[in-house]
Number of protein chains: 2
Amino acid sequence: MNLKDLSALLGLSQTTVSRALNGYPEVSEATRQRVAAAAEKYSYRPNTRAKSLATGRSMAIGHVIPISAQHEMVNPVFGDFIAGAGEAYAAAGYDMVLSLVQDSHEERVYRDMFAKGNVDGIVVHAPEMHDPRIALLQDIGLPFAVHGRASDVPTPYNWLDVNNKSAFQRATGFLLDLGHKRIGLLNGLETMDFAHRRRAGYVEALQTRGIAVDKALMRSEEMTENYGYQAVCEMMKLPDPPTAYLVSSMIPAIGIRRAIHDAGLKMGQDISVITHDDDLSYLRNGDDVPLFTATRSSVREAGRQLARILIDQISNPGKVPQTKLFEAELTVGRSTGPNVGAR
Amino acid sequence: MNLKDLSALLGLSQTTVSRALNGYPEVSEATRQRVAAAAEKYSYRPNTRAKSLATGRSMAIGHVIPISAQHEMVNPVFGDFIAGAGEAYAAAGYDMVLSLVQDSHEERVYRDMFAKGNVDGIVVHAPEMHDPRIALLQDIGLPFAVHGRASDVPTPYNWLDVNNKSAFQRATGFLLDLGHKRIGLLNGLETMDFAHRRRAGYVEALQTRGIAVDKALMRSEEMTENYGYQAVCEMMKLPDPPTAYLVSSMIPAIGIRRAIHDAGLKMGQDISVITHDDDLSYLRNGDDVPLFTATRSSVREAGRQLARILIDQISNPGKVPQTKLFEAELTVGRSTGPNVGAR
DNA sequence: TCATCCATCCAAAGCGCTTTCAATTCTTTC
DNA sequence: GAAAGAATTGAAAGCGCTTTGGATGGATGA
């Protein structure tokens, strides 16, 4: 059933039927009803491609997902993010198209998406510190929104980020208050902008208290469970091992817990751990009392809101870019306690 | 830069340029070179929507992702699956469009996808035991492939599944061989087809050895970390608690490990655990010696191969549906050992 | 009564591509 | 050297929709 058939059936022109269905004013209420009823009856759905071609808008938003070269992995956070974004898209009638790319620098994917015209806008994932993709997208004039930020971009653009620096600063401060002086940092890859900011927060908190930053206590890798395990196993062998750890995600935090248990120690008593918690649906941080003390910020909510920002930008092309900074909440769980050795 | 511009630039007709770029034989090699060079130079990309409209093929494949009503969660396995599928799509020039749907029964999403014509085929995720979606898709005549199977569909269709029954049968047998008689089953939701098959394998293995099936030892829920933790905490309070557990995914297995540790016991010594392992990139089951004894099958590889099956079906509409059954490998790790109480 | 306006509808062009059918030129073949 | 065939190109229709620029007729006002 296409527009031609439907209008023939109704004895109306395609023009009128199209207008009736799209809510244009120059059609009488009576015929609008009649058209709507017929469309419903024959379950008419306008062909997206034809519509796109005619309007010049594709009603689709592209997500370019970088695949890590090292582990060939997709960020586990990703599922929840697009679940949130998907809600916003569905509400606004947008489709979501995914492109998984090995090398996130690959500018061709972006250029192609634009030239082929199959998206109206793009969500940029996992921005790096000096991310060339932002300048590129500004250059080609395709609306976009970034999940996170890139540090060195002078011109404004749409982004939504967690205040990573303040979150890790507070978390570090919390551990220092508990008497910990040797705090391990298991960061994400520091080419990533968020990881860089987190380290800045950690370092600043230490320096404020006059505690020297020890490079031996800082790691930066992709956030797998094994990473957490291995890194802590190794750090525990140091002459003056950490009594606390700050880690960038629940997944490696689980590895840390494993390492602590394997060493015959108790998390929250012998060794403290604070993790960042993206509030993943399949990895809830405990029900009543959180298992981990954590800096929490829902990545699903981030997806939802960033999608809205992008849709807004697409609908109002002239509008000044929006930015949104989530403050993570520091929730105290059972993985932290006073530094026993310090007493 | 569109076809009109490009052909004007070359002093050729749109027809010839189109043919040259799409590899039709009726164009001289000389002009083909010339066209290709110009297309490259001006980085011409044909407009997807116009192409789709003209050819009737959208070069996109839809994934309808069910969102669990209970936890509002996206299956954590999903990221790896589409990473695999994405590879195959990219190689064949297909886009991937995602639709996240609250109620997986919602037939309208499928009908709409077909009517709106924005996909050439669909991947069905998380099939239930008697899944109406398959008959629906057969009915509307949209090519599709199922990740998993539905039990009660008489007509053939494309699917790719792990041999869940044999995997869990062997795993149960393995535990029985170690002297375990009380084996807890932490299954996925048994409305899901895969969960049903796994239970069948578990039950059959017990019955073969003449061991009574105890309903108190069987759970069926969505696979979160908390589920694993809670279920085991509760089962350990039973008068005659399990000495071993069989669990459907790494995520709840991690919860099980937590419960065992919290009880002051050692996994692999006091209590044995076998999990199914989807070989997720961020949750590798140990490096050298696997942490968990597991029935393993790569979900990423499943994505890759199922995508190929679907593309093949789309390219050869008349072809008889393909099916593929992966056998999971049983890898022995450190989470299993003989039943100490049985000696 | 006539001119004007408004409400309502339609024909046709156009979005950027593919593809059918026809035209033209260049080779063969006898 | 003419007829037939092959190679190469182009004009134009069509995919299913939106939207511009009328057309039509009834209501309104003087």
Side-chain angles (χ1 to χ4, degrees), chain A residues 1-36 38-39 42-60 93-95 112-120 315, chain B residues 1-36 38-39 42-60 93-95 112-120 315:
Chain A
M1 172 66 55
N2 56 23
L3 186 60
K4 198 173 170 186
D5 298 343
L6 185 65
S7 48
L9 228 58
L10 283 161
L12 288 170
S13 74
Q14 300 190 30
T15 311
T16 305
V17 176
S18 170
R19 285 208 262 241
L21 292 173
N22 291 306
Y24 282 79
E26 55 276 81
V27 49
S28 78
E29 200 46 41
T31 52
R32 186 190 306 285
Q33 300 287 352
R34 208 157 64 86
V35 169
Y42 300 104
S43 65
Y44 164 72
R45 300 276 179 283
N47 182 301
T48 317
R49 300 167 302 192
K51 193 164 184 163
S52 297
L53 189 57
T55 57
R57 305 186 39 174
S58 63
M59 294 309 281
Y94 279 86
D95 280 334
D112 282 7
M113 275 206 163
F114 176 66
K116 296 198 302 178
N118 45 8
V119 297
D120 291 334
S315 313
Chain B
M1 173 66 56
N2 58 22
L3 185 60
K4 197 173 170 186
D5 298 343
L6 186 65
S7 48
L9 230 57
L10 283 161
L12 288 169
S13 73
Q14 300 191 31
T15 311
T16 305
V17 176
S18 170
R19 283 207 267 241
L21 292 174
N22 291 306
Y24 282 78
E26 55 276 79
V27 50
S28 79
E29 199 47 39
T31 53
R32 187 190 303 285
Q33 299 288 353
R34 210 157 64 86
V35 170
Y42 300 103
S43 66
Y44 166 72
R45 300 277 178 283
N47 183 299
T48 317
R49 299 167 302 191
K51 194 166 185 162
S52 297
L53 189 56
T55 58
R57 304 184 40 173
S58 63
M59 293 308 281
Y94 278 86
D95 280 334
D112 281 8
M113 276 205 164
F114 176 67
K116 296 198 303 180
N118 45 8
V119 297
D120 291 334
S315 313

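Every chain is numbered from 1, with letters handed out A, B, ... down the list of sequences.
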Colleague: At 4.0 Å (heavy atoms only), tell me whether A:Thr31 reaches a base, stays on the sugar-phosphate, or touches nothing.
Modeller: sugar-phosphate
Colleague: From C-beta outward on B:Asn47, which listed nucleotide comes closest to its side chain: C:dC9, D:dG16, C:dG16?
Modeller: C:dG16
Colleague: Nearest-Å distance, CD (B:Glu29) to P (D:dT8)?
Modeller: 9 Å
Colleague: May I ask you to check whether B:Ser58 and B:Asp120 show a side-chain donor-acceptor distance below 3.5 Å?
Modeller: yes
Colleague: Should B:Thr16 be listed as having a side-chain N or O under 4.0 Å from OP1 or OP2 of D:dG10?
Modeller: yes
Colleague: Under a 3.5 Å cutoff, is there a donor and acceptor pairing between the side chains of A:Asn118 and B:Asp95?
Modeller: yes
Colleague: Rounded to whole Å, please give me the gap between CG in B:Asn118 and P in D:dC17.
Modeller: 13 Å
Colleague: Can you say whether a donor on the side chain of B:Arg19 sits under 3.5 Å from an acceptor on the base of D:dG10, or the other way round?
Modeller: yes
Colleague: Return the value, rounded to whole Å, for the distance between atom CE of A:Met1 and atom C1' of D:dC17.
Modeller: 15 Å
Colleague: Can you tell me how far P of D:dC15 sits from CD of A:Gln14, to the nearest Å?
Modeller: 11 Å
Colleague: Starting from the 5' end of DNA chain D, give me the residue, A:Lys4 or B:Gly11, whose nearest nucleotide shows up first.
Modeller: B:Gly11
Colleague: Taking only the side-chain nitrogens and oxygens of A:Asn22, find out if one of them lies under 4.0 Å from OP1 or OP2 of D:dT18.
Modeller: yes
Colleague: Once you round to the nearest 0.5 Å, how far does CE of B:Met113 lie from OG1 of A:Thr48?
Modeller: 9.5 Å
Colleague: Just to confirm, is there a sub-4.0 Å distance from OP1 or OP2 of C:dG16 to any side-chain nitrogen or oxygen of B:Lys51?
Modeller: no
Colleague: Using atom NZ of B:Lys116 as one end and atom C1' of D:dC17 as the other, report the distance to the nearest whole Å.
Modeller: 14 Å
Colleague: Taking the minimum atom-to-atom distance to the side chain of B:Leu53, which one of D:dG16, C:dC17, C:dC9 wins?
Modeller: D:dG16
Colleague: Assess, by modelled atom type and distance only, whether the side chains of A:Arg32 and A:Tyr24 contain a donor and an acceptor separated by less than 3.5 Å.
Modeller: no
Colleague: Identify which nucleotide among D:dG16, D:dT19, C:dC9 has an atom closest to any side-chain atom of A:Tyr24, counting heavy atoms from C-beta outward.
Modeller: D:dT19
Colleague: Check the distance between D:dT19's P and A:Arg57's CZ and give it to me in whole angstrom.
Modeller: 10 Å
Colleague: Over all heavy atoms of both residues, which pair between A:Arg57 and B:Arg49 is shortest? Give the atoms and the distance, please.
Modeller: C-NH1, 3.6 Å
Colleague: Does a donor on one side chain and an acceptor on the other come within less than 3.5 Å for B:Ser13 and B:Thr16?
Modeller: yes
Colleague: For A:Leu3 and C:dA11, give me the distance from atom CG to atom P, rounded to whole Å.
Modeller: 13 Å
Colleague: Tell me which nucleotide among C:dC17, D:dC17, D:dT9 gets nearest to the side chain of B:Ala54.
Modeller: C:dC17
Colleague: Quick one: is A:Thr55 getting a side-chain N or O under 4.0 Å of the D:dC17 phosphate, OP1 or OP2?
Modeller: no
Colleague: If you look at every strand shown and take non-hydrogen atoms under 4.0 Å, does A:Thr15 touch a base, only sugar-phosphate, or nothing?
Modeller: base
Colleague: Can you tell me the distance, in whole Å, between the CE atom of A:Met59 and the P atom of D:dC17?
Modeller: 16 Å
Colleague: Are any of B:Ser13's side-chain N or O atoms less than 4.0 Å away from OP1 or OP2 of D:dG10?
Modeller: yes
